[in-house]
Amino acid sequence: MKRLTYWESVWIGWRILWQAIGGFVLALFLSSMAVLGLLPELTRTGPSYWALVVPLVIASVFSLFVMLPLVVRGLIHASFGTFRLVVIRKEPCQSTI
């Protein structure tokens with residue numbers, strides 16, 4: 001089996017980076033707007049840790065359980081010109097002990 005070249009690895013890494021980070025930033029922005037829209041009193045008082053933590057948690061959970069599986073599935077189904085990524089499952093080892 002041939003190994004990926006350096007630039008092929010950069011290409012895959014860049015695709016993971018912009019899709020995963022872009023999805024996280026978008027989710028963080030939308031969840032921040034939702035929290036501020038639902039709880040506008042957070043902007044009228046002093047600094048609120050809830051206004052910081054809630055959107056961050058929402059964006060993290062969304063990115064981990066929605067965006068990253070979509071990114072990985074997209075990488076597996078995409079063609080990168082001269083190569084494709086393939087998942088090969090290994091059969092479990094049968095021990096005779």
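The first residue of the sequence shown is numbered 1, and numbering continues consecutively from there.
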*Is there a path from I21 to W18 through hydrophobic residues (I, L, V, M, F, W, Y) whose side chains come within less than 4.5 Å of each other?*
yes
*Shortest non-hydrogen contact from S32 to P55?*
OG-CB, 3.4 Å
Please output the side-chain donor-acceptor pairs of residues 56-72 that fall under 3.5 Å, not counting sequence neighbours, one pair per line with the distance.
unit_1	atom_1	unit_2	atom_2	d
S60	OG	L56	O	2.8
S63	OG	A59	O	2.9

*Nearest 0.5 Å please: distance from the CG atom of L4 over to the NZ atom of K2.*
10.5 Å
_Could you work out, with ring pair (Phe, Tyr, Trp, His ring centres under 6.0 Å) as the rule, every residue matching F83, not counting sequence neighbours?_
F80
*asked:* Would a single hydrophobic cluster contain both Y6 and I16, if residues Ile, Leu, Val, Met, Phe, Trp and Tyr are joined by side-chain heavy-atom contacts under 4.5 Å?
replied: no
*Return the minimal non-hydrogen interatomic distance between R84 and I76, and the atom names on each side.*
NH2-O, 3.5 Å
*Rounded to the nearest 0.5 Å, how far does CG of L75 lie from CD1 of I12?*
7.0 Å
